[in-house]
Amino acid sequence: MLEGKRILLIIGGGIAAFKSLDLIRRLRERGASVTPVLTVSGAQFVTPLSASALSAQKVYRDLFDLTDEAEMGHIELSRSADLVVVAPATADLMAKMAAGLANDLASTLLLATDKSVLIAPAMNVRMWEHAATQRNIATLKGDGVLTVGPDEGDMACGEYGPGRMAEPLAIVEAIGAALADGPLKGKRVLVTSGPTHEPIDPVRYIANRSSGAQGSAIARALMALGADVVFVTGPAEAAMPAGAEIIKVETAQQMADAVAAELPVAAAVFAAAVADWRVTSASNSKIKKDASGSLPSLSFAENPDILAGVSQMKKGRPGLVVGFAAETDDVIANATAKRKRKGCDWIVANDVSPETGIMGGAENAVTLISDLGAESWPRMGKDQVAARLAAKIAEALG
Ligand code: CTP
């Protein structure tokens, strides 16, 4: 996938810089060549010698190095790669990028390049959550900069939260997605995935057994064909598809709002197991056991049907709308009726009876229902179902 690809890797100054050395190794294992650029503060965390030894390339460091300029000018350096990757992308580097500054080698390369740029942000939680950084990341995304991470977890500074740099393998996956050249190149495809959580009170919620595995696999398969994927996900167990634009939500209503905000798209795949109902009697404080032993009662309202809403849009409807039907009885008949009722183009129907082990499992056995009728696929891995579905989508979008 990365054979022969040239990556210009800008290593910013952060504790996560040590992971960039592993990233160089992983990229080279996959046949890519890596030219490292160390910022002044990056060189405080990894030595030029290690970056050079691992990449087997010259390491670039300072804008005004006359020898470097004679060998390869910074403009040429910024354009000789297939992709520019910034890992770790510090708050400072992101701010420079967002403002269009060019006062050192890294920022100059980023301003001069005509190639796609992928950043892996890494910083303290507060710095990540600061309004300035959030403004900068929104600006960068708007400028077409691709992102991977940050992850949530324990940080070197002792705090917990979002800000950890994505793991090297996730960055490799995102690089693969950014460089993927296929029939879906330049097409924006939306995927919903995972369960939704409908709160009962601040600590309790109603959920379902969806792991999000099929949705993540579909997002990856679409990216492998070159698509730009917007991934709207409920709280899922499955690993996120690195390289997609990831939007995390909890409730069905939030998912509906996020989907509406991301339209228009060329195609939309609704793989999420959206809760049909929300609790209207949800309490803002924890519901306590009643001393008299009386039981709480919940009242419900129906959630917006996101798939039906998008399928029935009069203006700006995606060119292809794909829904899922999780059924336990009369799978094909129920799913065929569901396709008509919701107005989507295709339904991917599956039998989620507990004995099939499909919900939460690694395999899936699906029937694709379209206006051509029902096409049953043999039981296969969720990755294979995803690849076959992505290929069909590419064919349909032509
Ligand atoms: N879906 C959605 N919004 C909802 C409910 C479902 O977008 N509020 C989408 C799911 O992502 C899936 C499809 O609709 O693509 C089918 O969901 P399913 O739960 O099987 O169908 P329901 O409409 O809930 O029908 P029923 O419960 O009667 O089987």
Side-chain angles (χ1 to χ4, degrees), residues 189-199 205-219 221-222 229-236 238 241 247-263 265 267-280 300-313 317-318 320-354 356 358-360 364-370 374 382 385-386 389-390 392-393:
V189 182
L190 182 138
V191 178
T192 68
S193 184
T196 62
H197 285 182
E198 305 299 327
Y205 56 83
I206 294 175
N208 60 64
R209 293 187 195 284
S210 167
S211 65
Q214 187 64 80
S216 279
I218 291 168
L222 290 163
V229 172
V230 183
F231 189 71
V232 181
T233 179
I247 301 169
K248 292 186 179 175
V249 298
E250 286 223 345
T251 65
Q253 184 60 56
Q254 289 166 357
M255 187 173 275
D257 294 344
V259 166
E262 293 303 325
L263 298 177
V265 292
V269 181
F270 292 90
V274 186
D276 288 320
W277 306 283
R278 67 180 172 278
V279 181
T280 45
F300 293 92
E302 202 166 311
N303 274 326
D305 190 321
I306 312 167
L307 171 64
V310 171
S311 297
Q312 292 162 26
M313 282 171 72
R317 181 191 191 273
L320 182 71
V321 181
V322 183
F324 273 68
E327 306 286 348
T328 50
D329 307 286
D330 297 329
V331 178
I332 295 183
N334 277 332
T336 304
K338 195 170 282 179
R339 174 176 168 268
K340 277 239 149 56
R341 197 166 65 241
K342 300 212 182 197
C344 56
D345 301 302
W346 300 350
I347 282 265
V348 180
N350 55 7
D351 185 345
V352 291
S353 310
T356 64
I358 283 174
M359 202 115 177
N364 209 348
V366 308
T367 300
L368 181 69
I369 293 162
S370 67
K382 287 185 175 172
V385 169
L389 183 66
K392 283 232 166 229
I393 291 172

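Counting starts at 1 for both ligands and their atoms, in listed order. By convention here, the first residue in the shown sequence is residue 1.
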Could you identify the single nearest non-hydrogen protein atom to [atom] and state the distance to 0.1 Å?
atom: atom 3 (N) of ligand 1; answer: Ile306 N, 3.0 Å
atom: atom 28 (O) of ligand 1; answer: Arg341 NH2, 4.2 Å
atom: atom 12 (C) of ligand 1; answer: Phe324 O, 3.1 Å
atom: atom 29 (O) of ligand 1; answer: Lys338 NZ, 2.9 Å

Backbone of [Y] reached by a side-chain donor or acceptor of [X] within 3.5 Å:
X: Asn334; Y: Asp329; value: yes
X: Glu198; Y: Val279; value: no
X: Thr356; Y: Val352; value: no

Q: Would you kindly specify which portion of Ala308 sits under 4.0 Å from ligand 1, judged on non-hydrogen atoms: side chain, backbone, both or neither?
A: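 Neither; nothing of Ala308 gets under 4.0 Å from ligand 1.
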Q | Which segment of Asp276 sits under 4.0 Å of ligand 1 when only heavy atoms are counted | A |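 Within the 4.0 Å criterion, Asp276 contacts ligand 1 through side-chain atoms alone.
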Between [X] and [Y], what is the shortest heavy-atom contact and its length?
X: Met313; Y: Leu263; answer: SD-CD1, 3.6 Å
X: Ile347; Y: Ala325; answer: CG2-CB, 3.7 Å
X: Lys392; Y: Trp346; answer: O-CH2, 3.5 Å
X: Arg317; Y: Asp345; answer: NH1-OD2, 3.1 Å

(Q) I want to know if ligand 1 touches Val274 in the polar sense, i.e. an N/O pair below 3.5 angstrom. (A)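 No - when backbone and side-chain N and O of Val274 are compared with those of ligand 1, no distance drops under 3.5 Å.
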Numbering as shown, the atoms of ligand 1 that approach [X] to under 4.0 Å (heavy-atom distance):
X: Ala326; value: 20 (O)
X: Gly323; value: 15 (O)
X: Pro304; value: 3 (N), 4 (C), 8 (N)

Q: Measure from atom 22 (P) of ligand 1 to every heavy atom in Gln253, Lys342, Glu327 and give the option owning the shortest one.
A: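 Answer by nearest heavy atom: Lys342.
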Q) If hydrogens are left out, which of Thr192, Leu307, Val310 has an atom nearest to atom 9 (C) of ligand 1, that is, the closest non-hydrogen atom? A)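 Looking at heavy atoms only, the winner is Leu307.
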Q) At a 4.0 Å cut-off, with the gap strictly under it, does some heavy atom of Glu302 reach an atom of ligand 1? A)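 Distance cut 4.0 Å: Glu302 fails for ligand 1.
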(Q) Contact between ligand 1 and Ala272 is defined here as a heavy atom of the residue under 4.0 Å from a ligand atom; is it met? (A)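 Per 4.0 Å heavy-atom rule, Ala272 contacts ligand 1.
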Q: Can you establish whether the number of heavy atoms outside Arg341 located under 6.0 Å from its atom CZ is more than 12?
A: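 Yes, enclosed.
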Q | Parallel, tilted or perpendicular: ring planes of Trp277 versus Phe300, cut at 30 and 60 degrees | A |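 Judged by the thresholds at 30° and 60°, the geometry between Trp277 and Phe300 is perpendicular.
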